[in-house]
Enquirer: 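So that we are looking at the same thing, I have put the structure below in structure tokens.
Naming convention: chains lettered A, B, ... in sequence-line order (proteins, then strands); numbering from 1 in each chain.
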There are 2 protein chains.
Amino acid sequence: MAMNLKELSAHLGLSQTTVSRALNGYPEVGEATRLRVMEAASRFGYRPSPAARRLATGTAHALGIVFPVERNVLLDPLFVEFLAGVSETAGRNNFDILISPTTSETEIATYGRLVRSGTVDAVIISSPAVDDPRIVRIGALGFPAVVHGRAGEGLDVVSLDIDNRGAFLQATRFLLQLGHRRIALVNGDERFTFAVDRRAGTLDAFAEAGNQPSLDLFSAGPMTMENGYRAARAALAGEGPPTAFLCGSILVALGVLKAVAESGLEVPGDISIIAHDDEMPAFRADQMMPPLTTTRSSIRAAGARVAEMALAQVTGEVLDQPHEVWPVELIVRASTAPPPVR
Amino acid sequence: MAMNLKELSAHLGLSQTTVSRALNGYPEVGEATRLRVMEAASRFGYRPSPAARRLATGTAHALGIVFPVERNVLLDPLFVEFLAGVSETAGRNNFDILISPTTSETEIATYGRLVRSGTVDAVIISSPAVDDPRIVRIGALGFPAVVHGRAGEGLDVVSLDIDNRGAFLQATRFLLQLGHRRIALVNGDERFTFAVDRRAGTLDAFAEAGNQPSLDLFSAGPMTMENGYRAARAALAGEGPPTAFLCGSILVALGVLKAVAESGLEVPGDISIIAHDDEMPAFRADQMMPPLTTTRSSIRAAGARVAEMALAQVTGEVLDQPHEVWPVELIVRASTAPPPVR
DNA sequence: AGCATCGCTCAAAGCGCTTTGAGAGGAGCC
DNA sequence: GGCTCCTCTCAAAGCGCTTTGAGCGATGCT
């Protein structure tokens, strides 16, 4: 087994106190002593036992993410990318990441367990629903948490979200300016805040321009290719088909593209497409045919920042911005054009 | 804070020993006492502190997965699905899952840290490379580990793999029987064992039939749509284009489908496609157009079994099968047909 | 010189659990 | 009754760390 503190201090002829303090950067220990301790520690490959430290300090040095085993269909590739972001900062600060598997029904209980057992110091809540009971619960518990998405109004839970509403406002505004009127929205599941916000942004643009949105062209569901395909088929087959599609993700856009192609229509000649791009490396908007116009925001960077915000709370640091909202860029590529004249 | 053992036993008028034993199912405690203890524990919502238990027993009650922050491009959606499987069994046994973020260079060190610090009781190694140093290392350490994929010969590390070689043997055999001769393989990165095995299986089928494979049609790379598309474009543009494609994943097949469509060819009339299907719920082979012929194996089920194997090692259970290899089914759907006559 | 002050170090007391070794009481046997 | 043998329970000793409160020279001030 690895060396423990007792042995190390014995080797050094110092007390455990001094060694521990030297290693943890307490000011009470002399610089010369500290150096000597540090050197010996790395020479012997000493690593304090996390369990012991945890027990003694009550801090876990870990971030918790509850992993919804069944619901993940919605998020699959996005989740990994987000996780990668969280990982990056967590790793840099020597924090572990604990994934707690759970089913929807027991999800709240799982959070409670995580919180109370002291296995983690802070919790990250991703893709919150509207009035998400998880957030309400965590808020009530007063436990360090960061929501990736929009947290309810009154709750003082730290959150980071991208400006979904602004993004879809911009995107829709752009389509309207190009002359599109019949615009289809293939949204994510509207129980989630991000989807609600996107819908709102889309409507904002119509209101701003004084145009009537065609609500029959709005749909919501899991952000998969399959659903994009299905929604687009349905929209294109209806009377008064759309001339443009707004898609919740690149995956959805892929499905839409396919449906459009099958209908013998062309992008962007007949149909314009704008998708929201979370920057999944496996699905790059600029590599699609045609390269997609997108509203872009790195979900990975968001993950990294969310982790930072969580760590800040753990260390008692005060965030000057408890609710960050990141702006989203509209990147115009080749999937948008004025609607066909007829 | 939650109640601790001391308080609970005080309430019950029993010693900590007895309460602890009652809760952990030791035989020394009377049935009546046990019931009384259990009842009180759940009534007070008592949960033993993981940290304390960890320290006392030296067992972490957690499984470790090292999460390669950069390499994940290859695996994105697959990884989540696998993780979901691991989660299921881990959760059922009250094991936590620790994700340790790492970059390729420090990956081995990360494993070492995980192993030595006692943060986890077992480690899961996914998508091993040929002669993967991680496995060699873990094998040398004698630490409980399960490899998802093929573990090197001599190393006695428990592993679970699907029969990649057999799968591609079957698939290729099927294509050969249909009359295809120029068969393209769009493989995963051939540093990984699964990809090597698939290539081998493909060659096996050619050898078995006494045919020459067209190695110029074989390619390898990340299993993304993009790469599938690129590989297929290249293959179709060359002289002596293929009449069939073998794809490493559904994603790859999607890219191939697109390239085929762009070349004005039809599936399966002009081109047959078989893909390996890991059963990602977001990309269902039977929902594609046309529904894809696949070699199918649930990566999620594999994750669940891998976790079981890891737990077994932790509890000292002996696995009668330290190297499981799961058979893979060939599911014939609508993307395969005899090659066009000309 | 005498006092307070500072810098450095230490012994010891937890943190909340498991586990060892032992004891108390009852049953079973001669 | 006296003995052993179970059954059930307990006190106490860790697990490896942090942290409190104290001690002990050396330094600075009057």
Enquirer: Please identify each residue that fulfils ring pair (Phe, Tyr, Trp, His ring centres under 6.0 Å) with A:F44, with sequence neighbours left out.
Expert: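 Checked A:F44 against ring pair (Phe, Tyr, Trp, His ring centres under 6.0 Å); matches are A:H11.
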Enquirer: Suppose we screen for side-chain hydrogen bond (donor to acceptor under 3.5 Å, both in side chains). Which residues come up paired with B:S159, at least two apart in sequence or across chains?
Expert: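 side-chain hydrogen bond (donor to acceptor under 3.5 Å, both in side chains) check on B:S159 returns B:H323.
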Enquirer: Using a cut-off of strictly less than 4.0 Å, decide whether A:Y26 has a side-chain nitrogen or oxygen near OP1 or OP2 of D:dT19.
Expert: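 Yes, such a contact exists.
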Enquirer: Whole angstrom is fine here: how far is it from CG in B:L35 over to C1' in D:dC8?
Expert: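 One finds 16 Å between C1' of D:dC8 and CG of B:L35, rounded.
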Enquirer: Just how far, in rounded Å, is C1' of C:dC17 from NZ of B:K6?
Expert: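 After rounding, the gap between these two atoms is 12 Å.
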Enquirer: Which residues in residues 46-54 of chain A have at least one heavy atom lying under 4.0 Å from any atom of DNA chain C?
Expert: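 Per residue number, the list is empty: none.
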Enquirer: Grab the NE2-P distance between B:H61 and C:dT18 for me, whole Å please.
Expert: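 It works out to 10 Å between those atoms.
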Enquirer: Tell me, which pairs form a salt bridge (charged side-chain N to carboxylate O under 4.0 Å, His left out) where one or both residues lie in residues 308-318 of chain B, sequence neighbours left out?
Expert: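 Non-adjacent pairs meeting salt bridge (charged side-chain N to carboxylate O under 4.0 Å, His left out): B:R305-B:E308.
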Enquirer: Using whole Å, what does the distance between atom P of nucleotide C:dC15 and atom CG of B:L55 come to?
Expert: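 After rounding, the reported distance stands at 14 Å.
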Enquirer: Can you name the side-chain hydrogen bond (donor to acceptor under 3.5 Å, both in side chains) partners of B:T18, sequence neighbours left out?
Expert: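 Partners of B:T18 by the side-chain hydrogen bond (donor to acceptor under 3.5 Å, both in side chains) criterion, ordered by chain and then number, come out as B:S15.
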Enquirer: Partners of B:T119 by side-chain hydrogen bond (donor to acceptor under 3.5 Å, both in side chains), sequence neighbours excluded?
Expert: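 By the side-chain hydrogen bond (donor to acceptor under 3.5 Å, both in side chains) rule, B:T119 matches B:S117.
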Enquirer: May I have the distance from B:E31 (atom CD) to D:dC8 (atom P), rounded to whole angstrom?
Expert: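 The distance from CD of B:E31 to P of D:dC8 comes to 9 Å, rounded to the nearest Å.
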Enquirer: Check side-chain hydrogen bond (donor to acceptor under 3.5 Å, both in side chains) between A:E279 and all other residues, then give those that pass, not counting sequence neighbours.
Expert: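 Scan of A:E279 (side-chain hydrogen bond (donor to acceptor under 3.5 Å, both in side chains), adjacent residues dropped) gives A:R296.
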Enquirer: I'd like a list of close polar pairs between nucleotides 9-14 of chain C and the protein, N/O only, cut-off under 3.5 Å.
Expert:
{"from": "C:dT9", "atom 1": "OP1", "to": "A:T33", "atom 2": "OG1", "distance (Å)": "2.8"}
{"from": "C:dT9", "atom 1": "OP2", "to": "A:T33", "atom 2": "OG1", "distance (Å)": "3.2"}
{"from": "C:dC10", "atom 1": "OP2", "to": "A:S15", "atom 2": "N", "distance (Å)": "2.6"}
{"from": "C:dC10", "atom 1": "OP2", "to": "A:S15", "atom 2": "OG", "distance (Å)": "3.2"}
{"from": "C:dC10", "atom 1": "OP2", "to": "A:T18", "atom 2": "OG1", "distance (Å)": "3.0"}
{"from": "C:dC10", "atom 1": "N4", "to": "A:R21", "atom 2": "NH1", "distance (Å)": "3.1"}
{"from": "C:dA11", "atom 1": "N7", "to": "A:T17", "atom 2": "OG1", "distance (Å)": "3.4"}
{"from": "C:dA11", "atom 1": "N6", "to": "A:T17", "atom 2": "OG1", "distance (Å)": "2.5"}

Enquirer: Taking CD from A:E7 and P from D:dC15, how many angstroms apart are they, rounded to a whole number?
Expert: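 Checked: the CD to P distance equals 11 Å.
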Enquirer: May I ask you to verify if any side-chain N or O of A:N4 is less than 4.0 angstrom from the OP1 or OP2 atom of D:dC15?
Expert: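 Indeed not, no polar side-chain atom of A:N4 lies that close.
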Enquirer: Are any of the side-chain heavy atoms of A:I99 and A:L83 separated by less than 4.5 Å?
Expert: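 In contact.
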Enquirer: With a 4.0 Å limit, can you tell me whether A:S20 has a side-chain N or O closer than that to the phosphate oxygens OP1/OP2 of D:dT18?
Expert: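 The answer is yes; a side-chain N or O of A:S20 sits under 4.0 Å from OP1 or OP2.
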Enquirer: Sequence neighbours excluded and cut-off under 3.5 Å, please list the side-chain donor-acceptor pairs for residues 52-68 of chain B, or say none.
Expert:
{"from": "B:R54", "atom 1": "NE", "to": "B:A60", "atom 2": "O", "distance (Å)": "3.1"}
{"from": "B:R54", "atom 1": "NH2", "to": "B:A60", "atom 2": "O", "distance (Å)": "3.1"}
{"from": "B:T57", "atom 1": "OG1", "to": "B:R53", "atom 2": "O", "distance (Å)": "2.7"}
{"from": "B:T57", "atom 1": "OG1", "to": "B:T59", "atom 2": "N", "distance (Å)": "3.1"}
{"from": "B:T59", "atom 1": "OG1", "to": "B:D121", "atom 2": "OD2", "distance (Å)": "3.2"}

Enquirer: Among residues two or more places apart or on two chains, list those pairs meeting side-chain hydrogen bond (donor to acceptor under 3.5 Å, both in side chains) that have a residue in residues 33-48 of chain B.
Expert: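 Counting only pairs at least two positions apart or across chains, the side-chain hydrogen bond (donor to acceptor under 3.5 Å, both in side chains) contacts touching residues 33-48 of chain B are B:E39-B:R43.
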Enquirer: With a 4.5 Å heavy-atom cut-off, do B:N4 and B:E7 have their side chains touching?
Expert: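 Side chain of B:N4 against side chain of B:E7, heavy atoms only: contact under 4.5 Å found.
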Enquirer: Using the test side-chain contact (heavy atoms from CB on, under 4.5 Å), find all partners of B:P128 that sit at least two apart in sequence or belong to another chain.
Expert: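 B:P128: side-chain contact (heavy atoms from CB on, under 4.5 Å) contacts with B:D132, B:R134, B:I135, B:V147, B:T193.
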Enquirer: Mind listing the N/O atom pairs, protein and nucleotides 23-25 of chain D, below 3.5 Å?
Expert:
none

